Amino acid sequence: MLITLPISELVPGMFVDSVSKQFEGGDSIKIKTRGLVRDKSIIKRLVSEGVQELLIDFTQSDVSVPAKYQLKPEVAPATVDKPKKLKIKKVISVEQEFAKASVSYEQHNRNLQSLYGDVTSGLKMNITLLDDIAKDIVASVFRNHNAMAILTRIKDKHMYNWRHMTNCAIFVTVFAKYLGYKESVVQELAMGALLHDLGQAKLPQGIFSKPEKVNKLEMQSIKKHVAQSLGLVKGEKGITPLMLDMIVNHHERLDGSGYPRGLQGEKLSRPARIMAIVDVYDAMTADRPHQIGDEPINALRYLLAHKHLFDGELVQRFIKCLGVHPVGTIVKLTNERLALVTEGNHQNPIQPKVKIFYNAKHSHHITAKDVDLTSPDHDLKILASIKPLDYQLNLARLLKEHLLI
């Protein structure tokens, strides 16, 4: 939960996400402004620097949310005969949401393909279409965060550019929901993810369709997509500073080795750090003209091993959010069975819920069975994730067979 507090209410144990208000004309803050407040000397330092308000992330704090900021249940007035009905969000199963999500996912990709083509041809971008797609993705994820995420595992190297837009919006939404962001902010983050690479549509498309890796000259051209993206959204209604931040800074890295400006460390906002992680994760796991997508566990290992480039704390939380074997991944179990990961486990990322469907030893499908790997009723464990083609499996067909009600 993110809450803005005046400096007078800051106490040790709170985790400062960012400074939201500071005296005008004051010196720039010379100390680290994002992190856990360990003692009162840090608070005094912030006061001396003219800080007035801070954004506190209570999901990372060692203290609870102050009572005055906690949500209180509404009490019906005594004059009202009937008590107000509490609004309870209905819990929707992954199977219930998957039917709707699968239709929406393909529709979004077709619409984005059309929009991408329009931008390439020099036509005006349809910002309303993007906003509608972002809203639909956020709504789906808030009903059930697994259904849309499962669909990101379906690969198509010839549709990477627009699938990457869709997938990044899904991953950002799932991660932001996990981090506790309000739905209105998640909506902005999803929109920023949809827009972050759109400038690539203004570049020579042959660069993206070639079967070999790009050379240095082509890479210099690709780097221009950031400026092109900015040019596309400039003056568009509804574009917020948060979205612009994600567009401009998603290729920046903590050590200053990124582009376009070589920003580093505390100059990079949390949304920019989130977008950087999601962008690289999806790019590594997707099939593209020049690569076969890597398994999620290898992409997560890469992010974890490069703490000088990516926010290590956010990477750890991203792994807990997605799981070591994300939903939609096919895994091999210790009993020589293949299973589809259908639900993650935030407490223990290596023990998700799975649907067993295939006998790997004798190479044939079996009656599907849902299994919770945390259950004491068995000793099943995941040996490894596998690629569907290794067993001649069609993932898209498999998902429809086992998840469509």
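Because the structure is a prediction, the values reported are computed rather than measured. Values below: every heavy atom of this structure, side chains too, minus hydrogens, waters and symmetry copies.
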Would Gln351 and Thr374 count as a side-chain hydrogen bond (donor to acceptor under 3.5 Å, both in side chains) if you check the C-alpha gap in whole Å, the side-chain angles of each, and the deciding distance to 0.1 Å? CA-CA 6 Å; Gln351 292 184 309; Thr374 62; 5.8 Å; no
Judged by atom type as modelled, is there a donor-acceptor pair below 3.5 Å linking the side chain of Ser18 to the main-chain atoms of Leu55? no
Please say whether more than 12 non-hydrogen atoms of neighbouring residues, nucleotides or ligands are located less than 6.0 Å from NZ in Lys177. yes
Taking the side chain as everything from C-beta on, heavy atoms only, tell me whether Ile56 gets closer than 4.5 Å to Val16. yes
Of Ile42, Leu5, Val51, Leu46, which is the lone residue that meets side-chain contact (heavy atoms from CB on, under 4.5 Å) with Leu10? Leu46
With distance as the sole test, does Thr342 use its side chain to make a donor-acceptor pair with the main-chain N or O of Lys355 at under 3.5 Å? no
For the residue pair Val63 and Phe58, what are the closest heavy atoms and their distance? O-CD2, 3.7 Å
Could you check whether any side-chain N or O of Asn126 sits under 3.5 Å from a backbone N or O of Leu129, counting only pairs where one atom can act as donor and the other as acceptor? yes
Rounded at 0.5 Å granularity, tell me how far CG in Asp17 sits from CE in Met14. 14.0 Å
For Phe318, the ring-ring contact (aromatic ring centres under 6.0 Å, His included) test, sequence neighbours excluded, returns Phe175, Tyr281
Counting only heavy atoms not in Lys224, do more than 12 sit closer than 6.0 Å to its NZ atom? no
Those residues at least two apart in sequence (or on a different chain) that pass side chain to side chain donor-acceptor pair (under 3.5 Å) with Asp311 are Arg273
If I compare all heavy atoms of Val341 with all of Pro326, which pair ends up nearest, and what's the gap? CB-O, 3.7 Å
Is Asn161 close to Gln200 at the side-chain level, that is, under 4.5 Å between some pair of heavy atoms? yes
I want to check something: taking the side chain as every heavy atom from C-beta on, are Lys307 and Leu304 in contact at a cut-off of under 4.5 Å? yes
Go through His196 and His251 one step at a time and tell me if the ring pair (Phe, Tyr, Trp, His ring centres under 6.0 Å) criterion holds. CA-CA 10 Å; His196 82 286; His251 281 295; 7.6 Å; no
Just checking, Lys369 and Phe357: is the charged tip under 6.0 Å from the six-membered ring centre and within 45° of the axis? no
I need the minimum non-hydrogen distance between Asn345 and Pro352, along with the two atoms involved. CB-CA, 4.2 Å
Please check: side-chain N/O of His402 versus main-chain N/O of Leu399, any donor-acceptor pairing under 3.5 Å? no
Please check this pair: side chain of Lys400 against backbone of Leu395, looking for a donor-acceptor N/O pair closer than 3.5 Å. no
Distance-only side-chain donor-acceptor flag, Thr4 / Glu53, under 3.5 Å: no
Would you say Arg163 and Tyr105 are linked by a side-chain donor-acceptor pair, where the criterion is simply a distance under 3.5 Å? yes
Could you state the interatomic distance from CG (Leu340) to NE2 (His325), rounded to the nearest 0.5 Å? 13.0 Å
Derivation and outcome, side-chain contact (heavy atoms from CB on, under 4.5 Å), residues Thr166 and Thr152: CA-CA 8 Å; Thr166 308; Thr152 63; over 6 Å; no
Rounded to the nearest 0.5 angstrom, the CD1-CE distance for Ile247 and Met191 is 9.0 Å
Quick one: CG on Asp372 to CD on Glu343, what's the gap to the nearest 0.5 Å? 8.0 Å
Where do His250 and Val226 come nearest, in terms of heavy atoms and distance? CE1-CG2, 4.5 Å
Within the side chain of Ser140, is there an N or O that forms a donor-acceptor pair under 3.5 Å with the backbone of Ile137? no
Would you check if the side chain of Ser121 reaches a backbone N or O of Leu123 as a donor-acceptor pair within less than 3.5 Å? no
Looking at every heavy atom in both Ser221 and Pro204, which two are closest together, and how far apart are they? OG-CD, 4.2 Å
Output all residues satisfying ring-ring contact (aromatic ring centres under 6.0 Å, His included) with Tyr178, sequence neighbours left out; order by chain, then residue number. His346
Taking the side chain as C-beta and beyond, is there a heavy-atom pair between Arg253 and Gln264 under 4.5 Å? no
Stepwise salt bridge (charged side-chain N to carboxylate O under 4.0 Å, His left out) check, Lys124 with Glu236: CA-CA 11 Å; Lys124 184 175 173 60; Glu236 290 286 350; 3.1 Å; yes
Give me the one residue out of Gln107, His108, Gln113 that meets side-chain hydrogen bond (donor to acceptor under 3.5 Å, both in side chains) with Asn111. Gln107
Residue set satisfying side chain to side chain contact (heavy atoms under 4.5 Å, CB included) with Asp294, at least two apart, ordered chain then number -> Asn298
Neighbour count >12 (heavy atoms, 6.0 Å) for atom NZ, Lys155: yes
Is a side-chain N or O of Gln96 found less than 3.5 angstrom from the main chain of Ser93, in a donor-acceptor match? yes
Test item: Asp287 side-chain N/O and Gly293 main-chain N/O as donor-acceptor pair under 3.5 Å: yes
What are the two closest non-hydrogen atoms of Ala147 and Glu97, and how far apart are they? CB-CG, 3.5 Å
side-chain hydrogen bond (donor to acceptor under 3.5 Å, both in side chains), paired with Lys210, selected from Gln205, Glu218, His290: Glu218
Return the set of residues passing salt bridge (Lys or Arg N to Asp or Glu O under 4.0 Å) with Arg288 (not counting sequence neighbours), or none when no residue passes. none
Listed partners of Phe15 passing ring-ring contact (aromatic ring centres under 6.0 Å, His included), at least two apart: none
Are Leu115 and Trp162 close enough that some pair of their side-chain heavy atoms sits under 4.5 Å apart? no
Tell me whether His164 contacts the main-chain N or O of Tyr160 through its side chain, where contact means a donor paired with an acceptor under 3.5 Å. no
